Structures are given as C-alpha cells and as structure tokens.
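See structure below.
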Amino acid sequence: MSDGFAAKELRKYDEALSAFTRALASQPSASTVPYLVIEIGALLKSKGSYDEAIALFSNAQKLPALMCNHPLQQEFINMIAYLRITKNVLLAKGFSLVAFSRIPAAVVAEIDAEYAEWNKLGEAI
C-alpha cells in the first residue's frame, strides 16, 4: 500500500494504480480494503475508466471488510451512481470517456446537478 501512496505522491498514477491493485488482490479481507478500493476508484475515475471504477465499487461490496459496514456500502453505492451519471452525461453530450479533469466545467455542473437530483430521490424513499 505504501508503494501506491509513494507513486501517487510522485504523480505516477499508473504505478500507484498497479500497487494499490496488487495490495487489494493480496489482502482482500484486510481492514484497509475500503481505502484501497477508494484509492483505486479515484485513480480509475481520474483516467476516465468509468466502467472499471463502477465494476470495482460493485464487486467491493461483496468483500468481507465491507459486508458489515453499512455506511461505507452506501458510500460505494453513491460513488457508483456518480460514476454512472458521469458516463451517461458524457455519452449523451457526445464526449468520449475522457479523464475527469478534462471534462468542461459546465458538463461537470450538469453531472453534479443530476447526482444531486438522484440523491434527493434516494432520500425521499
């Protein structure tokens, strides 16, 4: 895990992704799993790998370290929703699945507005 953080600090994001992924594969029941998933998911999102990030968060909900952590499971559901909304808005606007930092501000605002609306629907239920 420390290799991942060191690579991330040096902005070697592919190396960080690889290190975090190895750590997750080697310790799928460790208490650090949620943090590894969050780090990997954030790196995938930043690269524009939205489908991979969605799959990661979806699969992570079945890991032992998350099975009893309902607030964290809900956070992962929220992340999945945000990533899906991001992907759908980008595709609807005719953008390729670009790195998150390259999305125009107006499109990010639209993504955030749709996510806020989704969140309100969840709270109403």
Side-chain angles (χ1 to χ4, degrees):
M1 214 168 131
S2 60
D3 290 345
F5 285 114
K8 186 177 170 187
E9 178 105 1
L10 296 171
R11 299 179 187 230
K12 296 180 178 182
Y13 300 119
D14 288 334
E15 286 180 34
L17 183 58
S18 179
F20 288 137
T21 302
R22 283 192 312 274
L24 179 61
S26 69
Q27 302 173 10
S29 60
S31 61
T32 57
V33 162
Y35 308 104
L36 286 169
V37 171
I38 290 168
E39 289 295 333
I40 294 167
L43 289 167
L44 290 170
K45 175 186 165 198
S46 71
K47 288 177 53 167
S49 299
Y50 304 108
D51 287 332
E52 284 182 70
I54 290 166
L56 172 76
F57 285 116
S58 296
N59 293 333
Q61 292 179 359
K62 301 171 193 142
L63 293 170
L66 277 106
M67 294 296 281
C68 297
N69 191 331
H70 299 294
L72 199 49
Q73 283 180 340
Q74 184 59 53
E75 186 60 32
F76 280 25
I77 290 167
N78 293 347
M79 289 181 200
I80 292 166
Y82 190 84
L83 292 163
R84 284 185 177 156
I85 290 167
T86 299
K87 177 185 169 188
N88 291 338
V89 168
L90 289 174
L91 293 175
K93 297 267 182 210
F95 286 91
S96 62
L97 298 179
V98 299
F100 193 80
S101 64
R102 299 191 64 190
I103 300 172
V107 177
V108 172
E110 184 176 333
I111 291 166
D112 290 344
E114 280 197 39
Y115 177 73
E117 190 63 32
W118 175 85
N119 230 356
K120 284 181 196 172
L121 291 173
E123 291 172 4
I125 294 176

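Because the structure is a prediction, the values reported are computed rather than measured.
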- Under-4.0 Å salt bridge between Lys8 and Glu39: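 Salt bridge present between Lys8 and Glu39.
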Close side-chain approach of [X] to [Y], heavy-atom, < 4.5 Å:
{"X": "Leu44", "Y": "Leu83", "value": "no"}
{"X": "Ile77", "Y": "Gln61", "value": "yes"}
{"X": "Phe20", "Y": "Phe5", "value": "yes"}
{"X": "Leu36", "Y": "Thr21", "value": "no"}
{"X": "Gln27", "Y": "Val33", "value": "no"}
{"X": "Ile38", "Y": "Phe76", "value": "yes"}

Taking all atoms of both residues into account, what is the closest heavy-atom pair of [X] and [Y], and its distance?
{"X": "Val37", "Y": "Leu56", "answer": "O-CD2, 3.4 Å"}
{"X": "Ala53", "Y": "Gly41", "answer": "CB-O, 4.1 Å"}
{"X": "Val89", "Y": "Val107", "answer": "CG1-CG1, 3.9 Å"}
{"X": "Ala7", "Y": "Ala16", "answer": "CB-N, 3.5 Å"}
{"X": "Tyr50", "Y": "Ala99", "answer": "OH-C, 3.8 Å"}

- Item | Check against side-chain hydrogen bond (donor to acceptor under 3.5 Å, both in side chains), Gln73 and Asn69 | CA-CA 6 Å; Gln73 283 180 340; Asn69 191 331; over 6 Å; no
- All pairs passing salt bridge (Lys or Arg N to Asp or Glu O under 4.0 Å) where residues 96-114 contributes a residue, at least two apart: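 Qualifying pairs, neighbours excluded: Lys93-Glu110.
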Using a 3.5 Å distance criterion without hydrogens, assess whether the side chain of [X] forms a donor-acceptor pair with backbone atoms of [Y].
{"X": "Ser18", "Y": "Asp14", "result": "no"}
{"X": "Asn119", "Y": "Tyr115", "result": "no"}
{"X": "Tyr13", "Y": "Ser46", "result": "no"}

- Side-chain donor-acceptor contact under 3.5 Å, Arg22 with Ser26: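 No donor-acceptor contact under 3.5 Å links the two side chains.
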- Task: State whether Phe100 and Lys45 meet the cation-pi test: NZ (Lys) or CZ (Arg) under 6.0 Å from the six-membered ring centroid, and within 45° of the perpendicular axis.
- Result: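 Relative to the ring axis of Phe100, which defines the angle, Lys45 lies inside both limits.
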